[in-house]
Novice: 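Once you've had a glance at the structure underneath, I'll fire off some questions.
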Amino acid sequence: MNDVSRPDELVTRIQGVGRWTLRVTESRMTTPRMHRIRLKGSGLGDFNYLPGQDVMLWVPADGERMLYRRYTIRHFDRETRSLDLDIFVHGKGGPGENWAKTVQTGDIVDVVGPRGKISLASAPWHLFAGDETYISATFAMLEALPAGTPAWAFLEVADLGEEQPLTANANVQLTWIHRGNASPGDPAALVAAIESAKLPASPGHAYIGAELQVARTLHRALEARGLDTNQISSKAYWGRGRANASIGEPK
Ligand SMILES: Cc1cc2nc3c(=O)[nH]c(=O)nc-3n(C[C@H](O)[C@H](O)[C@H](O)COP(=O)(O)OP(=O)(O)OC[C@H]3O[C@@H](n4cnc5c(N)ncnc54)[C@H](O)[C@@H]3O)c2cc1C
């Protein structure tokens, strides 16, 4: 039995979202641990979203149960009616990861979206911090910043092979942090990066997307750097040692 509303029911409960039946037209690895999935559907001509927003995929869990997993929109192309998602293969197993690993070109997936309240704030400078799961959101927002806008991004990944190229008009200082063989979900390296960042005195805006406890710790580190809570947009993306809830959020 499903304990979560089906996509056709969910869209009636969440304001401003649509239900999209999309076909997988591409599935490939862009790094050793990152799946790029392209989804296409004629209905996407009406799709509107803000950089940083995500979609909920309705994917199989165990047996006949279905649930949602949330993934940020990396690119959207209205002309070809397609959107790209980058799904991190964390290796712990889970419905989202399993779907990404086994999905085939031509498969159909039900999608609800766009979701997410966090997008670019109006600020003189911007700072982004998170792990692999936050690369899509960070890159989508950095690419949308006006030319020359100062921005810092601190992204923790396993190693050099997980770094991705960024093309943005903003004045971006992108720092990749390598955790090596350590488990994801430790805030130490990202906190150290935030503590030592040379930031302007003017009030900027910071964005966090990471493991639940890491996100909380980074929030405190940014407050210690003088940012008010209203200058920090933070979202827990996953929980260490715990599967996300059926609706796609950390429990
Ligand atoms: C708004 C939002 C946007 C998101 N955007 C993206 C995105 O663009 N790309 C992306 O890859 N993810 C993204 N995520 C995170 C992704 O939804 C979670 O990582 C989710 O847990 C994956 O589901 P799963 O079914 O693979 O694993 P789950 O069933 O949730 O968990 C199974 C096991 O895997 C572990 N696990 C889950 N995620 C990770 C991880 N990242 N590292 C290490 N262990 C992990 C859990 O602790 C658990 O032990 C987003 C989450 C939210 C809330």
Side-chain angles (χ1 to χ4, degrees), residues 3-4 14 17 27-39 49-63 65-76 83-103 109 111-119 128-143 153 155-159 162 164 177 179-187 189-190 207-216 233-251:
D3 58 352
V4 59
I14 309 175
V17 299
S27 168
R28 66 187 169 95
M29 302 302 290
T30 52
T31 73
R33 294 180 181 85
M34 195 64 85
H35 262 285
R36 165 72 47 89
I37 312 261
R38 178 159 295 168
L39 302 174
Y49 82 109
L50 294 168
Q53 286 191 301
D54 61 281
V55 289
M56 302 169 82
L57 303 188
W58 180 239
V59 296
D62 36 68
R65 224 173 127 251
M66 300 286 286
L67 47 64
Y68 296 98
R69 287 294 181 252
R70 292 178 67 166
Y71 296 101
T72 310
I73 300 154
R74 177 65 189 89
H75 299 116
F76 172 58
L83 56 83
D84 291 344
L85 307 175
D86 277 357
I87 301 186
F88 174 55
V89 179
H90 47 72
K92 299 278 195 303
E97 177 179 64
N98 291 342
W99 180 82
K101 280 159 94 170
T102 55
V103 78
V109 61
V111 172
V112 173
R115 294 296 319 274
K117 298 186 185 78
I118 298 176
S119 194
F128 300 83
D131 59 26
E132 293 91 344
T133 62
Y134 204 49
I135 297 175
S136 280
T138 301
F139 276 28
M141 288 194 271
L142 286 172
E143 286 164 358
L155 291 169
E156 185 182 294
V157 295
D159 52 39
E162 295 304 312
Q164 296 187 30
I177 295 166
R179 76 169 75 85
N181 292 327
S183 299
D186 181 338
L190 282 166
Y207 312 82
I208 300 167
E211 193 277 337
L212 179 69
Q213 297 302 335
V214 174
R216 286 181 184 158
S233 298
S234 178
K235 177 87 185 153
Y237 271 23
W238 60 281
R240 194 171 181 169
R242 296 185 80 175
N244 276 4
S246 305
I247 203 76
E249 304 266 343
K251 284 178 188 150

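As the structure lists them, so they are numbered: ligands from 1, and atoms in each ligand from 1. Predicted model only: the values in this text are computed from it and were never measured.
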Novice: So do Met29 and His35 actually touch side chain to side chain, heavy atoms under 4.5 Å?
Specialist: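 Yes, side chains in contact.
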Novice: Counting only heavy atoms, which portion of Arg240 has something under 4.0 Å from ligand 1: side chain, backbone, both, or neither?
Specialist: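 Answer for Arg240: backbone.
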Novice: May I ask you to identify, for Arg242, whether its side chain, its backbone, both or neither come under 4.0 Å of ligand 1 on a heavy-atom basis?
Specialist: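 Contact part for Arg242 vs ligand 1: backbone (N, CA, C, O).
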Novice: Run the numbers for me: atoms of ligand 1, each under 4.0 Å from some heavy atom of Gly248, listed by number.
Specialist: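 Near Gly248, meaning under 4.0 Å from one of its heavy atoms, ligand 1 has 53 (C).
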Novice: Could you tell me the residue and atom name of the protein heavy atom closest to atom 33 (C) of ligand 1, and the distance to it rounded to 0.1 Å?
Specialist: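 So the nearest neighbour among protein heavy atoms is Gly93 O, 3.4 Å.
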Novice: What part of Ile135, side chain from CB on, backbone N/CA/C/O, both or neither, has a heavy atom under 4.0 Å from ligand 1?
Specialist: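 It is neither part, as no heavy atom is under 4.0 Å.
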Novice: Could you measure the distance from the CG atom of Asp159 to the CD1 atom of Ile177? Nearest 0.5 Å is fine.
Specialist: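 Answer rounded to 0.5 Å: 14.0 Å.
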Novice: What are the two closest heavy atoms between Glu162 and Val157, and how far apart are they?
Specialist: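 Heavy atoms of Glu162 and Val157 come nearest at CB-CB, 3.6 Å.
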Novice: Taking Tyr237's backbone N and O only, do any of them form a donor-acceptor pair with Asn244's side chain (distance below 3.5 Å, no angle check)?
Specialist: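 Pair found, side chain donor or acceptor close to backbone of Tyr237.
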Novice: Among residues at least two apart in sequence or on other chains, which ones pass side chain to side chain donor-acceptor pair (under 3.5 Å) with Ser233?
Specialist: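 Here the qualifying residues are His205.
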Novice: Evaluate Gly239 for polar contact with ligand 1, using N/O atom pairs at a separation under 3.5 Å.
Specialist: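 Yes, at least one N or O pair falls under 3.5 Å.
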Novice: Do any N/O atoms on Asp54 end up under 3.5 angstrom from N/O atoms on ligand 1?
Specialist: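 It does not: no N or O of Asp54 is found under 3.5 Å from an N or O of ligand 1.
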Novice: What residue and heavy atom of the protein are closest to atom 14 (N) of ligand 1, and at what distance?
Specialist: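 The answer is Arg70 O, 3.4 Å.
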Novice: For atom 7 (C) of ligand 1, what is the nearest protein heavy atom, given as residue, atom name and distance?
Specialist: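 Here the nearest protein heavy atom works out to Thr133 O, 3.4 Å.
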Novice: Measure from atom 10 (C) of ligand 1 to every heavy atom in Trp238, Tyr71, Tyr134 and give the option owning the shortest one.
Specialist: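 Comparing heavy atoms across Trp238, Tyr71, Tyr134, the nearest one to atom 10 (C) of ligand 1 lies in Tyr71.
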Novice: In ligand 1, which numbered atoms sit nearer than 4.0 Å to a non-hydrogen atom of Lys92?
Specialist: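 Counting atoms of ligand 1 from 1, those under 4.0 Å from Lys92 are 33 (C), 34 (O), 35 (C), 44 (N).
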Novice: Provide, to 0.1 Å, the distance between atom 20 (C) of ligand 1 and the closest protein heavy atom, together with that atom's residue and name.
Specialist: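 Going by distance alone, atom 20 (C) of ligand 1 is nearest to Asn244 ND2, 3.5 Å.
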Novice: Any N or O of Pro95 that comes nearer than 3.5 Å to an N or O of ligand 1?
Specialist: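 For ligand 1, there is an N or O atom that lies under 3.5 Å from one belonging to Pro95.
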Novice: Considering both backbone and side-chain atoms of Glu97, is one of its nitrogen or oxygen atoms within less than 3.5 Å of a nitrogen or oxygen in ligand 1?
Specialist: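 Between Glu97 and ligand 1 (N or O atoms, distance only) the closest approach is under 3.5 Å.
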Novice: Are Arg38 and Asp84 ion-paired here, with the side-chain N under 4.0 Å from a carboxylate O?
Specialist: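 Asp84 and Arg38: salt-bridged.
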Novice: Nearest protein heavy-atom contact for atom 31 (O) of ligand 1: which residue, which atom, what distance?
Specialist: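 For atom 31 (O) of ligand 1, the nearest protein heavy atom comes out as Ala243 CA, 3.4 Å.
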Novice: I'd like to know if the side chain of Gln53 and the backbone of Gly116 have a donor-acceptor N/O pair within less than 3.5 Å.
Specialist: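 A pair under 3.5 Å: yes.
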Novice: Would you say the side-chain atoms of Arg74 pair up with the backbone N or O of Asp86, donor to acceptor, closer than 3.5 Å?
Specialist: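 No, Arg74 side chain to Asp86 backbone: no donor-acceptor pair under 3.5 Å.
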Novice: Within the 4.0 Å heavy-atom shell around Asp86, which atoms of ligand 1 are there?
Specialist: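 Within the 4.0 Å cut-off of Asp86, ligand 1 contributes 7 (C), 8 (O), 9 (N), 10 (C), 11 (O).
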Novice: Working to the nearest 0.5 angstrom, can you tell me the gap between Leu85 CG and Met34 CE?
Specialist: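 CE of Met34 is found 11.5 Å from CG of Leu85.
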Novice: Is it true that Arg69 lies under 4.0 Å from ligand 1, counting heavy atoms only?
Specialist: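 Within the 4.0 Å threshold, so yes.
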Novice: In terms of ring plane angle, is the pair Phe128 and Tyr134 parallel, tilted or perpendicular, where the classes change at 30° and 60°?
Specialist: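 Tilted: the ring planes of Phe128 and Tyr134 meet at 30° to 60°.
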Novice: Just to confirm my output: which protein heavy-atom neighbour is closest to atom 5 (N) of ligand 1, and how far is it?
Specialist: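 Here the nearest protein heavy atom works out to Thr72 OG1, 2.9 Å.
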Novice: Regarding ligand 1, does Gly241 bring an N or O atom to under 3.5 Å of one of the ligand's N or O atoms?
Specialist: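 Yes, since at least one N or O of Gly241 sits under 3.5 Å from an N or O of ligand 1.
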Novice: Ignoring angles and geometry beyond distance, decide whether Gly96 reaches within less than 3.5 Å of ligand 1 through its nitrogen or oxygen atoms.
Specialist: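 By distance alone, the answer is yes.
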Novice: Check each atom of ligand 1 against the heavy atoms of Ile87 and keep those under 4.0 Å away; list them by number with element.
Specialist: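 The list of qualifying atoms is 11 (O).
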Novice: Any Lys/Arg nitrogen of Lys235 or Glu249 sitting under 4.0 Å from an Asp/Glu carboxylate oxygen of the other?
Specialist: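 Counted as a salt bridge, because a side-chain N and a carboxylate O are separated by less than 4.0 Å.
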Novice: Using a plain distance cutoff, I'd like to know if Phe88 has any nitrogen or oxygen under 3.5 Å from a nitrogen or oxygen of ligand 1.
Specialist: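 N/O-N/O distance below 3.5 Å exists for this pair.
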Novice: Ignoring hydrogens, what is the shortest heavy-atom contact between Ser246 and Arg65? Give both atom names and the distance.
Specialist: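 Closest approach of Ser246 to Arg65: OG-NH2, 3.0 Å.
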Novice: Determine, using heavy atoms of Gly116 and all atoms of ligand 1, whether some pair is separated by less than 4.0 Å.
Specialist: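 Under 4.0 Å: no for Gly116.
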Novice: Quick one: look up the protein heavy atom nearest atom 27 (O) of ligand 1 and list residue, atom name and how far away it is.
Specialist: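 For this ligand atom, the closest protein heavy atom is His90 NE2, 3.5 Å.
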Novice: Verify, without hydrogens or angle tests, whether Glu97 (side chain) and Gly91 (backbone) share a donor-acceptor contact under 3.5 angstrom.
Specialist: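 Yes, the answer is positive, given that a donor and an acceptor are paired below the 3.5 Å cut-off.
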Novice: Could you give the distance from OG1 (Thr72) to CG (Leu83), rounded to the nearest 0.5 Å?
Specialist: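 Output value for this atom pair is 11.5 Å.
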Novice: Identify the protein heavy atom lying closest to atom 15 (C) of ligand 1, giving its residue, its atom name and the separation to 0.1 Å.
Specialist: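 Nearest protein contact, heavy atoms only, for atom 15 (C) of ligand 1 is Tyr237 O, 3.5 Å.
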Novice: Sort and list the pairs that fulfil salt bridge (charged side-chain N to carboxylate O under 4.0 Å, His left out) and have at least one residue in residues 130-140, not counting sequence neighbours.
Specialist: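 Residue pairs passing salt bridge (charged side-chain N to carboxylate O under 4.0 Å, His left out), neighbours aside: Glu132-Arg179.
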